[in-house]
Every structure is written in structure tokens, then in C-alpha cells.
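By convention in this document, chain letters (A, B, ...) are assigned in the order of the sequence lines, proteins followed by strands, and residues within each chain are numbered from 1. Basis for what follows: all heavy atoms, side chains included, without hydrogens, waters or symmetry-related copies.
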Amino acid sequence: MLQVNNIQENLDKFVEGLGKRGIQNAKDLLNEVIDLDDQRKKTQQELDEVKAKSNQLAKQIGQLFKEGKKDEAEAAKAETAELKEKDKALSEQMSFIQDQLLNKLYNIPNIPNPIVPAGKSEDDNEVVKVDDSATPTLGEDAKPHWDLISEYDIIDFELGNKVTGAGFPFYKGAGARMVRAMINYFLDEAQKAGYVEVQTPILINEDSGYGTGQLPDKEGQMYGITDSNLFLIPTAEVPITNIYRDVIVNEAELPIKHVGYTPCFRREAGSWGAHVRGLNRLHQFDKVEIVQIANPDKSYELLDEMVAHVEKLVKSLGLPYRILRLCGGDLGFTSAITYDFEVYSAAQKKWLEVSSVSNFETYQANRLKLRYKNADNKKQLAHTLNGSALAVPRILAAILENNQTPEGIKVPEVLQPYTGMSMITK
RNA sequence: AGAGGAAUGGCAGAGUGGUCGAAUGCGGCGGUCUUGAAAACCGUUGUACCGCGAGGUACCGGGGGUUCGAAUCCCUCUUCCUCUGCCA
């Protein structure tokens with residue numbers, strides 16, 4: 001979340017930034033925050049004063065008892081009643097103000113980086129690179145992947161329906177092997193690039209949800225385990241980044257780089273429709289995620305590095321792709337800047353988002369209380385970054401469609417050592 | 001799952017109602033000594049919030065309570081350890 005001090009100092013910049021996200025009344029909203037923070041300070045001063053008096057009095061009473069001046073002590077005791085009442089009232093006021101302030105801050109998104117284009121929807125995203133050199137020329141009879149998967153019997157949606165529900169497919173045979181191969185390939189490549197692999201829980205608690213910003217903003221998008229107050233992760237970003245909640249690292253340790261594979265669970269409430277077929281949108285899918293904890297001075301360099309890593313992966317799979325810089329209106333709640341990678345799925349003639357690489361600057365770190373000690377031994381908020389590298393099902397969809405031949409589906413060369421096959425056949 | 005025990009500063013570990021933000025040791029940092037290092041010795045060393053400052057407030061696993069006053073007493077939750085049971 002945003003830091004009140006920063007808001008106060010750069011009000012215009014913040015108003016402008018939120019405006020880019022299409023928030024009209026930003027100025028009023030931010031002024032309310034500043035006002036609440038002032039109230040908070042004022043109330044704390046009053047409360048501290050009352051407490052100081054009580055502490056003083058309590059010491060005196062102790063002293064009086066020790067000296068055997070019982071009457072005086074009893075008299076002093078009577079004085080404390082009033083202070084106690086004041087204390088109680090001010091404490092209540094304090095927590096009320098703090099709740100309000102926090103609630104406001106939780107619901108204000110991050111300020112976009114200046115180079116983020118203004119815009120309302122995905123139509124306003126800026127295409128920063130297109131490399132469609134790998135686009136295949138498919139015949140008239142080219143099939144979308146949902147036809148191919150039944151033809152080759154590698155993914156079973158019906159079975160998923162039966163056992164769980166829509167959006168929870170079974171991968172079978174060569175399909176399962178492809179998934180496993182991609183996960184291993186992505187993990188290995190990340191490791192080569194210096195990311196330390198972690199295997200995380202796939203259930204997270206509320207604190208973690210708040211830490212990375214899924215709560216309270218996206219509660220409806222996560223599956224909740226209501227009887228234990230836990231949530232299924234929508235992305236490995238949550239458990240991995242939350243490793244560093246309430247942590248102070250040494251500057252020399254930065255950047256910290258992690259990679260993790262997890263299944264991801266998303267309710268996708270409201271986004272289900274006719275345009276979503278096959279592997280395009282699922283409730284459960286596999287994803288390899290890269291995460292960095294960075295020095296603010298270096299975070300944009302590292303963002304570029306992450307983008308380059310993802311680009312290399314997509315390219316190595318032989319898929320046509322493009323890179324988008326998301327506009328303010330399409331930007332995630334906690335992100336300051338996001339680059340989306342899309343691959344072209346040639347039979348359905350659609351761009352599929354397979355990666356999202358973001359810099360959150362201090363927005364998550366402030367919630368996480370994730371700091372580093374700089375050279376002067378001062379504690380500063382770190383920057384957090386993450387990116388998908390990559391999301392499996394849509395990559396699979398693109399491979400199936402783009403690589404279909406009369407003989408079968410060609411397995412990208414880089415995956416062959418992992419699949420042990422060069423072709424998916426009937 | 002049952003019985004018992006425990007949770008204190010970076011770590012170890014004292015502290016059972018006031019003088020305790022907390023002894024002591026280790027570690028860290030600074031210094032003396034040394035050609036340099038070690039050893040020894042001296043000093044220093046938690047976090048957050050409020051305040052221009054002096055200073056104040058809060059924090060001894062979390063939450064609540066008793067009390068003029070709680071690390072210390074009570075309730076509750078969580079976690080860990082030991083023993084018994086079960087189990088991949």
C-alpha cells in the first residue's frame with residue numbers, strides 16, 4: 001500500500017497516477033487519507049499523555065504504599081479512575097481511526113510508473129514488441145487445440161467435470177508428459193539464470209493474502225478454505241513473496257531471486273463465457289513463477305532482465321509472441337508497471353497471455369514490512385517484482401495448434417530431452 | 001488424537017506483582033594494545049509510533065481479563081518440545 005508521507009509530499013503526482021487508472025475522485029480520496037493520518041497522530045499524542053500520567057501515578061502509589069502512607073495512596077487511587085476512562089475512550093477512538101485509515105489505504109491501488117500509458121481497457125495497452133516470425137502457415141483444416149486434445153487423447157475435460165467441475169482438466173499420457181516437461185524446463189532455465197528454487201505451500205493464510213495484495217481487493221477470485229481460514233493460491237507469487245514478510249535483509253543480499261512451480265487456483269468469477277474454450281482459461285493450472293526482492297535503485301534493471309528471461313523462454317519454444325505494456329486501466333492493483341507476454345495460437349487465431357512481469361516498487365513491501373538495511377544501517381522498503389515464466393496450459397495450447405502436422409504434433413526441440421519424444425502421435 | 005512441559009532482545013538464558021525495556025553470557029559494532037592478527041581490556045549494541053527538541057508511548061508468542069500498577073496472576077488461541085497412539 002501507499003505510504004502516507006509520500007502521498008502528502010507528492011499529492012499532485014499521486015492524483016495524476018491514480019487518474020491514469022481511471023480513478024476520478026483521487027484528490028478527495030487522498031486528502032481523506034492525509035486527514036485521517038493527522039487525526040491518528042493527534043489522537044496518539046493525547047493518548048500517550050494520558051498513559052504517561054497514569055504511569056506516573058501508579059509509580060507514586062507504589063511508593064506511598066511502601067512508605068506506609070496508606071491514606072494518601074488510596075486517595076491517589078481514586079484519581080486514576082478518570083484517567084482510565086479517558087484512556088479507554090481515546091484507545092477506542094485510536095483503533096477506529098486506524099481501521100478507517102488502513103481500510104482506505106488497502107483500497108487504493110499502486111501509482112503507475114510514468115511510462116505507463118493512460119487507458120481504460122486492454123484495448124489501450126501498448127504493444128512494445130512483436131515477433132511473429134515463428135507464425136506457421138496452417139492449412140484450411142487446421143484445428144483449434146480443443147479438437148486436437150480429443151483427437152490425440154491427451155487432455156480430458158469431461159473427466160475433470162466428473163471428478164471436480166468445469167475448468168479442472170485431466171492431462172493424460174503425452175499431455176501429462178508435456179506439462180511435466182514444461183515445468184521442468186522452465187525451472188531449469190530459471191535456475192540457470194540464478195533463481196533459487198522453492199517449493200511452497202499452496203494454501204495461504206489471510207496475512208499472506210494481505211501482504212501481496214490479493215486481499216482485500218481480489219477475495220472473490222480466490223478459493224477459500226472457510227473452516228480453516230485459508231486460501232488456495234492464485235499464483236506462487238503469494239507464498240514466495242510472503243517468505244519475506246516482516247523481514248529485514250542486508251543490502252548485500254539483494255537482489256534475492258526465487259523461482260517456484262505451483263498449481264494455481266482461480267475462481268474466474270464472471271469471466272467464464274463462450275470465448276473461453278479449452279485451455280484458454282482454467283480454474284486450476286500450472287505455472288512457474290520468478291520473484292525478485294530488489295534494491296529500489298536496481299529494480300527497473302532487474303525488471304528488464306526478467307522480461308528478457310521470459311522472452312528467451314517463449315522464443316526457445318518457437319512460438320510467435322508479442323510484448324505489451326499494460327495501460328493504467330488494465331494494470332493490476334498492486335503493480336506500478338506490467339509487461340504482458342502473449343503467444344499467438346494460430347488455429348484459433350488468438351493472442352494468449354502467458355506471462356505477466358511486474359514491478360510493484362514498494363507497494364507490496366510496505367504491506368509486507370519487507371525492508372533492507374542500507375550502507376548507513378537505515379531501514380528502507382525494498383522493491384518486489386515477479387513474473388510468470390511461464391504459465392503452462394496456454395503455452396501448450398499454442399504448441400498444439402501451431403505445431404500440428406498431418407503426422408502429429410511436433411514437440412519443441414528444447415522440450416524433447418524432457419519428454420523423450422519428438423512428436424505427439426495418435 | 002491423548003498426557004505433560006515450554007514460548008523473554010541476533011542467539012543462549014535469568015527474571016513469579018512496582019525500582020524491569022528487562023540481569024548475565026555469546027555474537028555484532030567502536031576503541032586501547034599490536035608490524036598485522038588473535039587474546040585481553042574499555043565502551044556500545046532491540047523495534048515501532050508521536051514530538052522541532054527535551055522527551056513520551058507501546059511491545060517479553062497472539063488476543064482478552066484482574067490490578068492504582070503485569071514479562072510476572074487468570075482466561076483463550078497459536079506454535080514448539082517430550083511421551084503414548086495413528087499415519088505418507
For this session: Answer with base, sugar-phosphate or nothing: what part of the nucleic acid does K379(A) contact at a heavy-atom distance below 4.0 Å?
Result: sugar-phosphate
Problem set entry | Rounded distance in Å between the P positions of rG55(B) and rA37(B) | 38 Å
Problem set entry | Verdict with supporting geometry, K192(A) and E189(A), salt bridge (Lys or Arg N to Asp or Glu O under 4.0 Å) | CA-CA 5 Å; K192(A) 279 186 215 162; E189(A) 289 303 301; 2.9 Å; yes
For this session: Rounded to the nearest angstrom, tell me the gap between atom NZ in K59(A) and atom P in rG17(B).
Result: 19 Å
Exercise. Which of parallel (below 30°), tilted (30 to 60°) and perpendicular (above 60°) describes Y106(A) and Y210(A)?
Worked result: tilted
For this session: Go through the steps to decide whether F285(A) and F265(A) satisfy the test ring-ring contact (aromatic ring centres under 6.0 Å, His included), and finish with yes or no.
Result: CA-CA 7 Å; F285(A) 65 97; F265(A) 302 87; 8.7 Å; no
Problem set entry | Rounded distance (Å) that lies between atom C1' of rA58(B) and atom CD of E46(A) | 17 Å
Exercise. What integer distance in Å separates E49(A):CD from rG56(B):P?
Worked result: 13 Å
For this session: Quickly work out the K77(A) NZ to rG69(B) C1' distance and round it to whole Å.
Result: 10 Å
Exercise. Using atom C1' of each nucleotide, how far apart are rG64(B) and rA12(B) to the nearest Å?
Worked result: 31 Å
Problem set entry | Who pairs with rU79(B) - Watson-Crick or G-U, where each distance is under 3.5 Å | rA6(B)
Exercise. When you measure from the side chain of K51(A), which nucleotide among rC68(B), rC50(B), rU57(B) comes out closest?
Worked result: rU57(B)
Seminar exercise, completed: Heavy-atom nearest nucleotide on RNA chain B taken for R371(A) and for S54(A); more 5' hit belongs to R371(A)
For this session: Send over the distance from K373(A) NZ to rU45(B) C1', rounded to a whole Å.
Result: 10 Å
Seminar exercise, completed: Comparing nearest nucleotides in RNA chain B, the 5'-proximal residue of the pair K42(A), K53(A) is K42(A)
Exercise. Between rC50(B), rU57(B), rC68(B), which nucleotide gets closest to the side-chain atoms of R40(A)?
Worked result: rC50(B)
For this session: Could you please name the partner base of rG27(B), counting Watson-Crick and G-U wobble pairs only when both distances are under 3.5 Å?
Result: rU45(B)
Problem set entry | rG61(B) versus rG10(B) - spacing of their P atoms, nearest Å | 13 Å
Exercise. Nearest to the side chain of N55(A) - rA58(B), rG51(B), rC68(B)?
Worked result: rA58(B)
For this session: Using the C1' atom on both, measure rA71(B) against rA1(B) and round to a whole Å.
Result: 33 Å
Exercise. Reckon Q44(A) touches a base, only the sugar-phosphate, or nothing at all at heavy-atom distances under 4.0 Å?
Worked result: base
For this session: Hunt down the Watson-Crick or G-U wobble partner of rG85(B), both distances under 3.5 Å, from any strand shown, or write none.
Result: none
Problem set entry | Any-strand Watson-Crick or G-U partner of rG21(B), both distances under 3.5 Å | none
Seminar exercise, completed: Winner on side-chain proximity to D48(A), out of rC50(B), rG56(B), rG69(B), is rG56(B)
Exercise. What is the distance from NZ of K369(A) to P of rU47(B), rounded to the nearest Å?
Worked result: 16 Å
Exercise. Say you draw a straight line from CD of Q348(A) to CZ of R277(A); how long is it, rounded to the nearest 0.5 Å?
Worked result: 9.5 Å
Exercise. Are E305(A) and K257(A) ion-paired here, with the side-chain N under 4.0 Å from a carboxylate O?
Worked result: yes
Exercise. When the P atoms of rA22(B) and rG46(B) are considered, how many whole Å apart are they?
Worked result: 10 Å
Exercise. Rounded to the nearest Å, what distance is computed from the CZ atom of residue R245(A) to the C1' atom of nucleotide rG62(B)?
Worked result: 14 Å
Exercise. Which nucleotide in the set rA58(B), rC68(B), rG51(B) lies at the smallest distance from any side-chain heavy atom of K41(A)?
Worked result: rG51(B)
Problem set entry | Pairing partner of rG36(B) (Watson-Crick or G-U wobble, both distances under 3.5 Å) | none
For this session: For A52(A), report the nucleic acid contact type (base, sugar-phosphate, nothing); a contact means any heavy atom under 4.0 Å.
Result: sugar-phosphate
For this session: Could you tell me the separation between the CE atom of M182(A) and the OG1 atom of T419(A), rounded to the nearest 0.5 Å?
Result: 10.0 Å
Exercise. Roughly how far apart, to the nearest Å, are rC20(B) and rG9(B) at atom C1'?
Worked result: 13 Å
Exercise. How close or far is atom C1' of rA48(B) from atom CE of M94(A), stated in whole angstroms?
Worked result: 12 Å
Problem set entry | Identity of whatever pairs with rA54(B) - Watson-Crick or G-U, under 3.5 angstrom | none
For this session: Return the nucleotide paired to rA14(B): Watson-Crick means purine N1 to pyrimidine N3 with N6-O4 or O6-N4, wobble means G-U with N1-O2 and O6-N3, both under 3.5 Å.
Result: none
Exercise. Hey, is E32(A) close enough to K104(A) for a salt bridge, meaning N to O under 4.0 Å?
Worked result: yes
For this session: Using the P atom on both, measure rC11(B) against rA3(B) and round to a whole Å.
Result: 32 Å
Exercise. Roughly how far apart, to the nearest Å, are rU24(B) and rG15(B) at atom C1'?
Worked result: 11 Å
